[in-house]
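What follows is a short report on a single structure.
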Number of protein chains: 2
Amino acid sequence: VQLDADKEALRWLEAYVLALQENLMRPLPKAREALFFPDPASEQRLIQWLDRAQRELYVCVFTITNNHLRDAVTRAHDRGVAVKVISDDECMKQIGSDIQYIRDRGIPTETDTNPDAHMHNKFVVIDKEILITGSFNWTVQAVNANQENLVVVHDPEICQQYITYFDNLWASFRPV
Amino acid sequence: VQLDADKEALRWLEAYVLALQENLMRPLPKAREALFFPDPASEQRLIQWLDRAQRELYVCVFTITNNHLRDAVTRAHDRGVAVKVISDDECMKQIGSDIQYIRDRGIPTETDTNPDAHMHNKFVVIDKEILITGSFNWTVQAVNANQENLVVVHDPEICQQYITYFDNLWASFRPV
Ligand SMILES: [Zn+2]
Ligand SMILES: [Zn+2]
């Protein structure tokens, strides 16, 4: 019996050392990538990220007139992801704005109410751990014509800061 | 003599284990932070990052009309940092544009030449290892009124992708 216990302890130690090596020597690769525009492939890649959302999707973008991206947001909502969208008030009134469409699908949306300032952000936080931010607006022009960039970073701590900022914007835009 | 050598070996081993612990157990904190606007403190923080540039500063921003940020760029140039600036052509012609001021100080600048598209990026790469990107334009309005964000990430690999993209933009904007 003692021999079995020793063997068990040895196997445990071996597994422990292996796990230590895995975690310390070769940290799990964190999701991180750069997307550049104009490039329809970058739009496709952004859609793949949105389609990965499993629990929560916070979208904070100046405007949405790109139907591919609008559809990715509604797909997330339809599969049970908790989606919230913040956008700019002026853009809300633009021709082709998809914010009303998203709202009509039952997705909670808020827009800023200050005519002298822009809700100019363009970021997304996925499942409290992946941040996507940059210059890229959710328009067709930004995909096909403009020079734009997005960076994707896996960083729960940074995401928490963005979520707090998002929650504060949400509260401040909410009609009293 | 042998005792001294043993002591020396032991001291070396001790130092080695300590270094291992430092590197593996507590990896050096990577520079990473989130900046949110409107907030003059976030502008100050961005200026601190620009002032840290020691070798190379790539600035790729839609427009520069914020003199605090303009001055941080020219300070980098004055202390010997290799600075390059890309901006948008329409913004170049705007009242208060600091691109001509920067060019007159001897800093290499390029602007896009396509009237149907915007060089809409707002990113900076510092010393090939720190990327700062987000929605934030280099204006006074973006500091004091707009809702904007920037993320700072220490990531030489991602920076290399941004540098390659920057170099390609630079080449494509250069008059033939
Ligand atoms: Zn607004
Ligand atoms: Zn342009």
Side-chain angles (χ1 to χ4, degrees), chain A residues 20-21 23-27 30 32-39 60-62 86-88 112 114-123 125 131-137 139 141-142 144-155 157-166 168-169 172-173, chain B residues 20-21 23-27 30 32-39 60-62 86-88 112 114-123 125 131-137 139 141-142 144-155 157-166 168-169 172-173:
Chain A
L20 214 64
Q21 277 185 334
N23 287 335
L24 299 182
M25 305 295 284
R26 282 177 300 158
K30 306 234 166 169
R32 49 197 248 291
E33 76 182 30
L35 303 179
F36 299 108
F37 302 85
D39 188 349
C60 188
V61 292
F62 183 55
I86 290 177
S87 81
D88 190 64
D112 83 326
N114 183 350
D116 298 325
H118 283 303
M119 203 313 290
H120 193 243
N121 289 298
K122 315 103 177 32
F123 71 81
V125 182
L131 168 70
I132 305 178
T133 190
S135 66
F136 178 75
N137 279 315
T139 65
Q141 155 107 1
N144 296 325
N146 288 357
Q147 281 87 35
E148 310 269 8
N149 77 91
L150 286 175
V151 71
V152 182
V153 287
H154 180 279
D155 192 326
E157 284 174 59
I158 289 286
C159 282
Q160 189 49 57
Q161 294 182 47
Y162 274 81
I163 289 169
T164 301
Y165 176 74
F166 186 102
N168 287 340
L169 281 188
S172 73
F173 292 161
Chain B
L20 215 65
Q21 276 186 335
N23 287 333
L24 299 182
M25 305 296 285
R26 282 177 299 156
K30 304 237 166 169
R32 48 196 248 292
E33 76 182 30
L35 303 179
F36 298 108
F37 301 85
D39 189 348
C60 188
V61 291
F62 182 55
I86 290 176
S87 82
D88 190 64
D112 82 325
N114 182 351
D116 299 324
H118 282 304
M119 204 313 290
H120 192 244
N121 288 299
K122 317 102 176 32
F123 72 81
V125 182
L131 168 70
I132 305 177
T133 190
S135 67
F136 177 75
N137 280 315
T139 66
Q141 156 107 359
N144 295 326
N146 289 357
Q147 281 86 35
E148 310 267 9
N149 78 93
L150 286 175
V151 70
V152 182
V153 286
H154 180 278
D155 193 325
E157 284 174 58
I158 289 287
C159 282
Q160 189 49 56
Q161 294 182 47
Y162 273 81
I163 290 169
T164 301
Y165 175 73
F166 186 102
N168 287 339
L169 281 188
S172 72
F173 292 161

Using non-hydrogen atoms and a 4.5 Å limit, figure out which bit of B:Q141 sits close to chain A: side chain, backbone, both or neither. side chain
Using 30° and 60° as the class limits, which term best fits the ring planes of A:Y165 and A:F123: parallel, tilted or perpendicular? tilted
Among B:P38, B:S135, B:A142, who wins on heavy-atom pairs under 4.5 Å with chain A? B:S135
For chain A, find which of B:L131, B:D155, B:V153 contributes the most heavy-atom pairs closer than 4.5 angstrom. B:D155
Interchain contact, A:F37 with chain B, by part (heavy-atom threshold 4.5 Å): backbone
Pairs of heavy atoms under 4.5 Å with chain A: top-ranked of B:N144, B:N149, B:L150: B:N149
B:T133 and A:G134 have their tightest heavy-atom pair at OG1-CA, 4.0 Å
Closest non-hydrogen atoms of A:D88 and A:M119, given as atom of the first, atom of the second and distance, are OD1-N, 2.8 Å
Can you tell which of A:E157, A:E148, A:Q161 has the highest number of heavy-atom pairs within less than 4.5 Å of chain B? A:E148
Is the shortest heavy-atom distance from the side chain of B:F136 to the side chain of B:K122 under 4.5 Å? no
Scanning both residues in full, the closest heavy-atom pair of A:A117 with B:A145 reads CB-O, 3.4 Å
Between A:H120 and B:N146 the two heavy atoms that sit nearest each other are CB-ND2, 4.3 Å
Could you tell me which portion of A:V151 (side chain, backbone, both or neither) has an atom closer than 4.5 angstrom to a non-hydrogen atom of chain B? both
